[in-house]
There are 2 protein chains.
Amino acid sequence: MNQQTLRLYEMKAQIIQAVGQPIRLAILDFLKDGEQCVCDIAKAVGAERSNVSRHLTVLLNAGILECRKDGLKMIYSLRTPCIMNFFSCVADVLKSQLAKNNRVLQKL
Amino acid sequence: MNQQTLRLYEMKAQIIQAVGQPIRLAILDFLKDGEQCVCDIAKAVGAERSNVSRHLTVLLNAGILECRKDGLKMIYSLRTPCIMNFFSCVADVLKSQLAKNNRVLQKL
DNA sequence: TTAGTATGTGAGCATACACTCACAAAGGCG
DNA sequence: CGCCTTTGTGAGTGTATGCTCACATACTAA
């Protein structure tokens, strides 16, 4: 694997990793219906404001979110809504995984 | 966010997180063309055998890979090839991100 | 059986990550 | 102006992650 290929994998991994965290998944799920400010996001996902702020920074740096300032508030929104396609893929894997577990359970 | 919803996000996050690592991305990319044994995977991605073995365990636990034993060798393969749909989504985000960076660069 | 190969795993280490607390900056409102 | 709200960030902490080395296990072949 050459240096350039590795770099590409690293960039892709950064994006995927940004999505692979429960609270950040909840944030994306909450934002799929439209832009929201930090305090409302924090209420929706049930986490500390400062913590949510950091999670938003991660998603911002990964290029998944964008934000604009509106008076006191910072409004965050999905920059690439295609990111939501992720979730159907993940749901497929999850279903397949649970189905396998069920097969194992039934053999007990 | 109730306990059940949180649990669902955690399960999804586990799957996504399993994919969000450069070497594991390389492994999946290598396996998309067919099953392979550990030593060949290690050669392909250019990492230590023991390290590759652990990465394979992560992907196995996430339900993304499956394996079978063939004599001395353990043969790994994609269990849910739909996982490859991930990558086109990621590529979209990456392109969009690079395009934005280019626009910023041109303003300098 | 003995030697060699493929694989997985315990131990240890360095780093990254998620979280909380406290505080500072920016803006709205009396 | 002073006070409150919203947001981001530095510092500290505990845990998770990725990696390597050494070793044990399982199987093949002479």
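Labels below follow one simple rule: chain letters A, B, ... track the order of the sequence lines, proteins then strands, and each chain is numbered from 1.
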(message) Please report the distance, rounded to the nearest Å, between CG in B:L56 and C1' in D:dG18.
(response) 14 Å
(request) Using side chain to side chain donor-acceptor pair (under 3.5 Å) as the criterion, list what pairs up with A:K95, not counting sequence neighbours. (result) none
(message) Test: ring-ring contact (aromatic ring centres under 6.0 Å, His included). Region: residues 10-29 of chain B. Which pairs qualify, not counting sequence neighbours?
(response) none
(request) Supply the atom-to-atom distance A:Q21 CD to A:I27 CD1, rounded to the nearest 0.5 angstrom. (result) 8.0 Å
(message) Short of 4.0 Å, heavy atom to strand atom, which residues of residues 2-14 of chain B count as contacting DNA chain D?
(response) none
(request) Could you list by number each residue of residues 37-55 of chain A showing a heavy-atom separation from DNA chain D of less than 4.0 Å, or answer none if no residue does? (result) A:C37, A:V38, A:C39, A:S50, A:S53, A:R54
(message) Rounded at 0.5 Å granularity, tell me how far CD1 in B:I23 sits from CD1 in B:I41.
(response) 12.5 Å
Only distances under 3.5 Å count here; give the side-chain donor-acceptor pairs of residues 70-89 of chain A to other protein atoms, sequence neighbours excluded, each with its distance to 0.1 Å.
| unit_1 | atom_1 | unit_2 | atom_2 | d |
| --- | --- | --- | --- | --- |
| A:R79 | NE | A:G63 | O | 3.3 |
| A:R79 | NH1 | B:S96 | OG | 3.4 |
| A:R79 | NH2 | B:S96 | O | 3.4 |
| A:R79 | NH2 | B:S96 | OG | 3.2 |
| A:N85 | ND2 | A:C82 | O | 3.4 |
| A:S88 | OG | A:N85 | O | 2.9 |

Side chains of residues 42-62 of chain B: which donor-acceptor pairs under 3.5 Å do they make with residues two or more places apart or in other chains?
| unit_1 | atom_1 | unit_2 | atom_2 | d |
| --- | --- | --- | --- | --- |
| B:H55 | ND1 | B:R24 | NH1 | 3.0 |
| B:T57 | OG1 | B:S53 | O | 2.9 |
| B:N61 | ND2 | B:T57 | O | 3.4 |

(message) Working note: A:L8 + B:L94, criterion side chain to side chain contact (heavy atoms under 4.5 Å, CB included); need CA distance, chi angles, decisive distance, verdict.
(response) CA-CA 10 Å; A:L8 195 61; B:L94 195 54; 4.0 Å; yes
(message) Just the rounded figure in Å: distance from C1' of D:dT6 to OH of A:Y76.
(response) 11 Å
(message) Using whole Å, what does the distance between atom C1' of nucleotide D:dT6 and atom CE of A:M74 come to?
(response) 11 Å
What does the list of N/O pairs under 3.5 Å between the protein and nucleotides 13-16 of chain D look like, with a distance for each?
none

(message) Whole angstroms only, please: what is the CD1-C1' distance between B:I23 and D:dT20?
(response) 12 Å
(request) Would you mind building the protein contact string for nucleotides 23-30 of chain C? One character per nucleotide, 5' to 3', B for base within reach (heavy atoms under 4.0 Å), S for sugar-phosphate only, - for untouched. (result) ---BBS--
(message) Using 0.5 Å steps for rounding, measure from the CG atom of B:L25 to the CE atom of A:M11.
(response) 12.0 Å
(message) Whole angstroms only, please: what is the CZ-C1' distance between B:R68 and D:dC27?
(response) 16 Å
(message) If the condition is salt bridge (Lys or Arg N to Asp or Glu O under 4.0 Å), which residues does A:E35 pass it with, not counting sequence neighbours?
(response) A:R68
(request) Not counting sequence neighbours, which residues clear salt bridge (Lys or Arg N to Asp or Glu O under 4.0 Å) with A:E10? List them please. (result) A:R7
(request) Figure out the CG/C1' separation between A:N61 and C:dC17, and round it to whole Å. (result) 14 Å
(request) Provide the closest heavy-atom pair for A:A26 versus B:M1 in the form atom of the first, atom of the second, distance. (result) CB-SD, 3.7 Å
(request) Using atom CD1 of A:I27 as one end and atom P of D:dT7 as the other, report the distance to the nearest whole Å. (result) 13 Å
(request) Check side chain to side chain donor-acceptor pair (under 3.5 Å) between B:N2 and all other residues, then give those that pass, not counting sequence neighbours. (result) B:T5
(request) Could you note down all residue pairs passing ring-ring contact (aromatic ring centres under 6.0 Å, His included) where residues 8-48 of chain A supplies at least one of them, sequence neighbours left out? (result) none
